[in-house]
S.K.: 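There's a structure below that I have some questions on.
Index from 1, following the sequence.
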Amino acid sequence: MSSRPDFQNPPIDFAAELNPDQLAAVTAPRGPALVLAGAGSGKTRTLTYRVAYLLEQGVRPWEILLLTFTNKAAKEMLERVEDLTGQPRSQFWGGTFHSIGQRVLRTHGPLVGVDRNFTILDAQDAESLFSQVVKEVDGAFIKDKDNPKARVIADALSYARNTRRPPEEIFRERLGWMKGGVDKLVKFADLYKDAKRKAGVCDYDDLLELWLEVLEKHPDIARDYSRKFKHILVDEFQDTNRLQSAIVEALAQEHQVMAVGDDAQCIYTWRGADYDNVMGFDERHPGATLHKIEINYRSTKPILDFANAVLDTRPSGMGFSKELRAVKHGHQKPYLVPCLDTTEQALFVVKRITALVRDEGRRPGEITVLYRAHYQAMELQMELTRAQIPFVITSGVRFFEQAHIRDFVAQLRFLHNPADTVAFTRVLALLPKVGPKKAETILEMGRKESASRNISLLGALLADKIVAKIPEEARDDYRDLILTLQDMEEGMHGPRREAPKPPVANAGARASSPAPSSSFFDDEDDLFSLAAREETPDTAPAAPAPAAHHVQKTPSEIVRIGIEGWYGDFLKHVYPNHQERREDLDSLIGFAAKYEDMNELLAQLVLLNSEASDKSAAPDEDTIRLTTIHQSKGLEFPVVFVIGCADELFPIKRAIEDGDVEEERRLFYVASTRAMEELYIVYPKLIVSGGPPRMTEVSRFVAALPPGVYETLHIGRMR
């Protein structure tokens with residue numbers, strides 16, 4: 001065999017194509033290697049040229065295994081390899097862990113009880129099968145409102161499988177609140193496994209679990225694959241979980257693995273990624289070489305100085321040392337922008353975006369706004385809408401279009417207008433076995449009962465003959481829902497008292513005003529001309545007057561009653577990510593605090609929903625992009641705003657309470673390194689979310705930095 005296959009393309013001058021850091025990794029000898037590719041350092045280029053280099057050295061395409069996290073990443077890399085070398089991409093083993101797993105099981109599945117012709121369940125079908133198993137085992141289980149729904153149990157089971165932890169352990173951690181303990185959940189999990197085998201199907205987790213089972217139970221097959229794949233390349237290694245890491249170990253018996261990633265960008269441990277996979281690589285692969293790729297092609301030096309300083313504040317031993325080095329020129333330091341509150345934060349971002357586009361020639365598509373949690377962009381979405389600035393959200397639907405927000409707003413709508421059949425139908429249809437027709441029937445019965453007995457509609461809806469029409473498994477939820485609505489109605493229609501002033505001056509009047517024209521700011525306004533040398537002292541909001549019994553409550557108080565009532569509990573039983581959804585709802589308390597009248601609040605909510613429905617399906621050069629930091633990983637933008645950079649917002653309160661903020665620090669590093677030319681770190685000093693207005697401090701991640709790596713911008717009052 002010749003040392004080099006016959007390529008259509010001429011040999012590559014690797015030294016001319018790569019920088020020294022990349023070249024060292026690309027040309028590394030066979031053996032275990034950990035490549036730490038810093039943000040913006042050309043990780044994909046390094047992997048692509050590594051494959052090309054191996055081909056140049058005589059390695060055959062099918063002797064290389066490339067494992068990625070998305071099929072798109074594998075396709076792009078192999079397309080680039082084909083362009084570089086002329087070697088057809090079809091000859092490689094490349095793809096996601098799941099796609100390679102199913103390929104192996106098509107051959108060896110019968111060894112672990114799976115037919116070669118198995119079909120793959122998507123997430124929705126898997127949830128449906130799991131739900132069916134639960135109903136067959138215990139038909140009353142899901143009907144009991146004190147038990148979690150099938151999708152919540154299935155999500156916990158998936159996490160257990162991917163982290164290789166006993167399911168009962170995860171069930172106790174996540175679902176220990178359920179009635180009767182978790183033993184029944186373990187039984188559900190076992191029977192779900194049996195049901196899949198009988199049906200000849202596999203879910204996504206099976207593709208990894210069963211692949212590993214083949215390798216562990218049949219050492220001869222593991223040896224065959226280990227000899228077949230002379231080089232194993234793993235992309236985004238910091239995102240691998242224990243199950244994926246175990247597969248790599250079983251395949252790489254000769255330690256022929258090159259793991260490429262960045263410990264500083266490990267931000268998915270909440271969904272199973274194991275930080276120790278990177279940090280303990282050399283223990284599992286003795287003699288492993290370490291390559292650092294630190295030359296950054298994305299950001300200017302001041303931005304990289306800021307990002308490097310973020311990593312320097314990590315506790316000792318919490319990551320590999322690295323220092324990103326800039327290629328691009330630039331002199332502007334990142335800006336730290338303190339704002340009075342979240343409204344002023346939103347106004348600042350809108351004003352600066354306006355100046356960037358109108359005065360400095362930026363395209364909207366060059367600008368992105370990042371945030372730790374979806375609800376933190378609520379007010380910004382409102383201000384962008386009012387300013388008629390087009391934007392798209394790539395981390396999900398717009399805030400007021402989310403299902404749980406619309407569900408809750410429907411409750412407010414019905415209380416305000418009992419004739420709103422659509423709102424009542426939406427809320428009641430959340431209950432099991434209650435569809436739109438049933439909901440309409442219940443409402444009509446309630447209206448007749450109310451008229452005949454001269455009682456309130458909500459009181460009538462609790463009449464025995466109406467409750468009897470509700471499916472048995474939904475009755476407890478139904479009663480709790482109506483009782484919560486009664487509590488909210490009492491607060492909405494009781495004798496009026498003076499409402500406490502909202503924490504933001506004039507916010508209520510401004511929020512209820514019509515949306516302005518596209519000339520949101522006067523042409524002569526300039527952001528930096530408003531910068532003040534001294535910060536204006538903040539005024540703490542006046543404490544709300546003590547509530548008297550049966551008095552009319554503020555919209556904020558009514559919203560709180562609803563969230564702490566039936567719907568807040570409903571979230572926990574229905575949604576695996578109930579904590580994030582609860583945070584979204586809690587943010588409505590602060591939003592409602594800007595309004596003294598429920599009419600104004602509901603009018604604004606309806607207008608925002610109407611305006612938000614007209615949006616682009618995907619970002620383009622004419623739209624501002626809004627997204628969570630998690631969703632921004634791997635992307636880059638000339639101008640980046642990171643909002644909500646205050647303690648309890650970023651790092652989030654849960655991380656602080658759990659005493660584990662290091663992943664939050666890595667997330668802050670990821671946010672900082674998305675910026676190419678301009679970076680704005682923005683935070684409100686007054687927040688209203690899930691509690692009374694309270695003062696906060698700048699994020700501890702910023703407070704720990706040396707002042708020389710950023711410039712503080714003191715803005716004038718922007719209202």
S.K.: Mind checking what makes side-chain hydrogen bond (donor to acceptor under 3.5 Å, both in side chains) contact with Arg582, not counting sequence neighbours?
M.R.: Asp586
S.K.: Please list, chain by chain and in numerical order, all residues satisfying salt bridge (charged side-chain N to carboxylate O under 4.0 Å, His left out) with Asp660, sequence neighbours excluded.
M.R.: none
S.K.: Would you list the atom pairs, donor with acceptor, under 3.5 Å between side chains in residues 439-448 and any protein atom, with sequence neighbours excluded?
M.R.:
residue : atom : partner : partner atom : Å
Thr441  : OG1  : Lys437  : O            : 3.0
Arg447  : NH2  : Pro418  : O            : 3.0
Arg447  : NH2  : Thr421  : OG1          : 3.4

S.K.: Can you find a heavy atom in the side chain of Phe391 that is under 4.5 Å from one in the side chain of Thr385?
M.R.: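 Sidechains of Thr385 and Phe391: in contact.
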S.K.: Look at the aromatic rings of Phe570 and Tyr575 and report parallel, tilted or perpendicular, splitting at 30° and 60°.
M.R.: perpendicular
S.K.: Going by heavy atoms in the side chains, are Val152 and Arg174 under 4.5 Å from each other?
M.R.: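 They are not in side-chain contact.
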S.K.: Stepwise, does the salt bridge (Lys or Arg N to Asp or Glu O under 4.0 Å) test hold for Asp203 with Arg161?
M.R.: CA-CA 12 Å; Asp203 62 23; Arg161 297 168 71 188; 3.0 Å; yes
S.K.: So, are Lys193 and Asp206 salt-bridged, with charged N and O less than 4.0 Å apart?
M.R.: no
S.K.: Name the one of Arg654, Lys653, Arg372 that satisfies salt bridge (Lys or Arg N to Asp or Glu O under 4.0 Å) with Glu664?
M.R.: Arg372
S.K.: Compile the donor-acceptor pairs under 3.5 Å between side chains in residues 457-475 and protein atoms, sequence neighbours left out, one pair per line.
M.R.:
residue : atom : partner : partner atom : Å
Lys465  : NZ   : Glu449  : OE1          : 3.0
Glu473  : OE2  : Lys433  : NZ           : 3.1
Arg475  : NE   : Ile470  : O            : 2.8
Arg475  : NH2  : Ala468  : O            : 3.2
Arg475  : NH2  : Ile470  : O            : 3.4

S.K.: In chain order, what residues pass the side-chain hydrogen bond (donor to acceptor under 3.5 Å, both in side chains) check against Asp138, with sequence neighbours excluded?
M.R.: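 With neighbours one apart ignored, the set is Lys184.
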S.K.: Does the plane of the ring in Phe414 sit parallel, tilted or perpendicular to the ring in Phe424? Use 30° and 60° as the thresholds.
M.R.: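 Phe414 and Phe424: tilted rings.
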S.K.: Considering only residues two or more places apart or on different chains, which pairs with a residue in residues 132-153 satisfy ring pair (Phe, Tyr, Trp, His ring centres under 6.0 Å)?
M.R.: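 For residues 132-153, and leaving out neighbouring residues, the ring pair (Phe, Tyr, Trp, His ring centres under 6.0 Å) pairs sorted by first residue read Phe141-Phe188.
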S.K.: Any donor and acceptor pair, going by atom type alone, linking the side chain of Glu557 with main-chain N or O of Thr554 inside 3.5 Å?
M.R.: yes
S.K.: As a test of understanding, state which of Ile353, Val349, Val392, Thr368 forms a side chain to side chain contact (heavy atoms under 4.5 Å, CB included) with Ile624.
M.R.: Ile353
S.K.: Would Glu136 and Gln132 satisfy side-chain hydrogen bond (donor to acceptor under 3.5 Å, both in side chains), going step by step from the backbone distance to the final call?
M.R.: CA-CA 6 Å; Glu136 289 175 355; Gln132 180 181 329; 3.3 Å; yes
S.K.: I'd like to check Val350 versus Leu380 (side-chain heavy atoms, cut-off strictly below 4.5 Å). Are they in contact?
M.R.: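 With C-beta onward as the side chain, the pair touches.
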S.K.: Does Ala150 offer a backbone N or O that forms a donor-acceptor pair with the side chain of Ser131 under 3.5 Å?
M.R.: no
S.K.: Okay, side chain of Ser158, backbone of Ala154: is any donor-acceptor separation there less than 3.5 Å?
M.R.: no
